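Bear in mind the structure is a predicted one, so any value in this text is a computation, not a measurement. When reading the values below, keep in mind they use all heavy atoms of this one structure, side chains included, and skip hydrogens, waters and symmetry mates. In the text below, chain A, chain B and the rest are named by the order of the sequence lines, each starting its count at 1.
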Amino acid sequence: MLERETADGLVAVRLTEVEAYAGEADPASHAYRGKTPRNAVMYGPPGHAYVYFTYGMHFCVNVVCGPTGTASAVLLRAGEVIVGEDLARRRRMAGNGRSRVVAGAPPAPGPARGPLAARDLARGPARLCQALGIDRALDGTDLCDPAAPLRLRSAAPGSLAGQQPGVQFGPRVGVSVGVETPWRFWLQADPTVSVYRPHVRRNRV
DNA sequence: CGTCGGATAATCT
DNA sequence: GATTATCCGACGA
């Protein structure tokens, strides 16, 4: 479970999909070419959040894993919103201007009939961050601190008893190198797991 | 259902 | 100047 607490309220997500990045030894990792201002947090203590900005408009969040001095991390790719669905939906719809805002269209009646399905609220690393209101201000947050604005918690004991489906694995999404390393993990048949997409190189100028 | 291309800017070379 | 751990709307079947 990943919890995000702000003045607006609490949003909690049950993680369903992650990817592992093995620091400087991994060509797909942000740390492959060494330490930079952006990835500095990856070299810090484990259990902290590494938040980065990509594709000119999206944030993604990782959990730092290796001991201090190493740069391993796990990218949180998707989850199911358990608490605070309305707040999560508001954040996803608001999206600074250009996301899902249809001019002139009458607002959909009930939340269940909205254009944004509940399963899509945190289906993808950037969507997850948007639903939880995560940006670089949270870079370096100690996720193990129960009082932190963003924190990681175990599910309540027994809540998943007998219901845990199998964990599948395969290649990581959107990476141009290290494709042969199957370090994306997800819960089998879970509707909130994102769709696999290979890396695409865009047109040069 | 699926594939395709544009948006858009921090970060690094 | 090139690249990018992505998303969304459009379009075709």
Side-chain angles (χ1 to χ4, degrees), chain A residues 2 13 15-43 48-66 70-79 81 88-89 91-105 108 114-140 169-186 189 191-205:
Chain A
L2 181 66
V13 163
L15 298 170
T16 59
E17 178 187 355
V18 299
E19 281 177 2
Y21 289 86
E24 299 187 349
D26 183 354
S29 171
H30 285 171
Y32 185 55
R33 289 178 171 81
K35 193 173 185 176
T36 67
R38 175 173 70 156
N39 66 23
V41 169
M42 292 179 84
Y43 289 80
H48 287 229
Y50 164 49
V51 180
Y52 68 90
F53 186 72
T54 191
Y55 285 102
M57 60 187 101
H58 296 301
F59 293 100
C60 296
V61 63
N62 295 248
V63 180
V64 175
C65 290
T70 67
S72 299
V74 168
L75 170 67
L76 306 183
R77 287 198 55 87
V81 175
R89 179 170 283 109
R91 285 185 177 131
R92 291 272 286 120
M93 301 288 286
N96 286 343
R98 54 174 299 286
S99 84
R100 290 268 178 182
V101 181
V102 182
L116 194 51
R119 78 180 60 164
D120 290 330
L121 287 174
R123 192 187 196 195
R127 291 166 169 181
L128 185 147
C129 281
Q130 192 178 14
L132 270 58
I134 296 174
D135 60 19
R136 286 220 77 197
L138 292 171
D139 191 42
F169 66 94
R172 293 170 290 187
V173 174
V175 299
S176 55
V177 290
V179 183
E180 70 285 354
T181 307
W183 279 356
R184 173 182 182 232
F185 303 90
W186 66 94
T192 62
V193 172
S194 69
V195 181
Y196 175 77
R197 299 192 65 166
H199 176 80
V200 289
R201 187 214 220 162
R202 75 194 39 57
N203 293 337
R204 290 163 290 183
V205 201

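Rounded to an integer number of Å, the gap from NE2 of A:H30 to P of B:dC12 is 9 Å. The separation between A:M93 atom CE and C:dC7 atom P is 17 Å, rounded to whole Å. Taking atom CZ of A:R127 as the reference point, atom C1' of C:dT6 lies 9 Å away to the nearest angstrom. Atom-to-atom, CZ of A:F59 to P of B:dT8 comes out at 15 Å; the value is rounded to the nearest Å. Atom CG in A:L128 sits about 13 Å away from atom P in C:dT6, given to the nearest Å. Taking atom OH of A:Y32 as the reference point, atom C1' of B:dC12 lies 15 Å away to the nearest angstrom. Distance A:R201 CZ to C:dG1 P: 18 Å, rounded to the nearest Å. At whole-Å resolution of the value, CG in A:D120 and P in C:dG9 are 11 Å apart.
Distance from the side chain of A:R38 is smallest for B:dT11 among the nucleotides B:dC4, C:dA5, B:dT11. Picking from B:dT11, C:dT4, C:dA5 the nucleotide with the shortest atom distance to the side chain of A:S176 gives C:dT4. Here B:dC4 is the nucleotide among B:dC4, C:dT6, B:dC12 with the atom lying nearest to any side-chain atom of A:R197. Taking the side chain of A:R77 as heavy atoms from C-beta on, and the options C:dT6, B:dA7, B:dT11, the nearest nucleotide is C:dT6. Out of B:dC4, B:dA9, C:dT4, the shortest distance to the side chain of A:F53 is found at B:dA9. When distances are taken from the side chain of A:H58 to each of C:dT6, C:dA5, B:dT8, the shortest belongs to C:dT6. With distances taken from any side-chain atom of A:L75 to the nucleotides C:dA5, B:dT13, C:dT4, the minimum falls on C:dA5. The nucleotide whose nearest atom lies closest to any side-chain atom of A:R33 is, among B:dT13, C:dC8, C:dT6, B:dT13. In this structure, of C:dC7, B:dC12, B:dT8, it is B:dT8 that holds the atom nearest to the side chain of A:M57.
As judged by a 4.0 angstrom heavy-atom cut-off over every strand, A:A28 is placed among the base-contacting residues. No contact: A:R184 has no heavy atom under 4.0 Å from any strand. Using a 4.0 Å heavy-atom cutoff across all strands shown, A:H199 reaches sugar-phosphate atoms only and no base atom.
Ion pairing between a basic and an acidic side chain is recognised when a charged N comes within 4.0 Å of a carboxylate O; A:D26 and A:R172 show such pairing.
Base pairing annotation: B:dG6 forms a Watson-Crick or G-U wobble pair with C:dC7, both donor-acceptor distances under 3.5 Å.
Side-chain atoms of A:Y55 stay outside donor-acceptor range of the base of B:dA10, with no qualifying N/O pair under 3.5 Å.
Side-chain atoms of A:N39 come within 3.5 Å of backbone N or O of A:T36 as a donor-acceptor pair. Proximity of a side-chain donor or acceptor of A:R123 to a complementary backbone N or O of A:V193 within less than 3.5 Å is detected.
A:F185 does not carry A:R77 over the face of its six-membered ring by the limits of under 6.0 Å from the centre and within 45° of the normal.
Position along DNA chain B of the nearest nucleotide to A:G56 versus A:K35 favours A:G56 as the more 5'-ward residue.
Results of the side chain to side chain contact (heavy atoms under 4.5 Å, CB included) test with A:Y21 over A:S72, A:S29, A:C65 single out A:S29 as the only residue that passes.
For A:R123 and C:dT6, the shortest distance from a side-chain N or O to OP1 or OP2 is not below 4.0 Å.
Counting all heavy atoms, side chain and backbone alike, A:A78 lies closest to A:T192 at CB-O, 3.4 Å.
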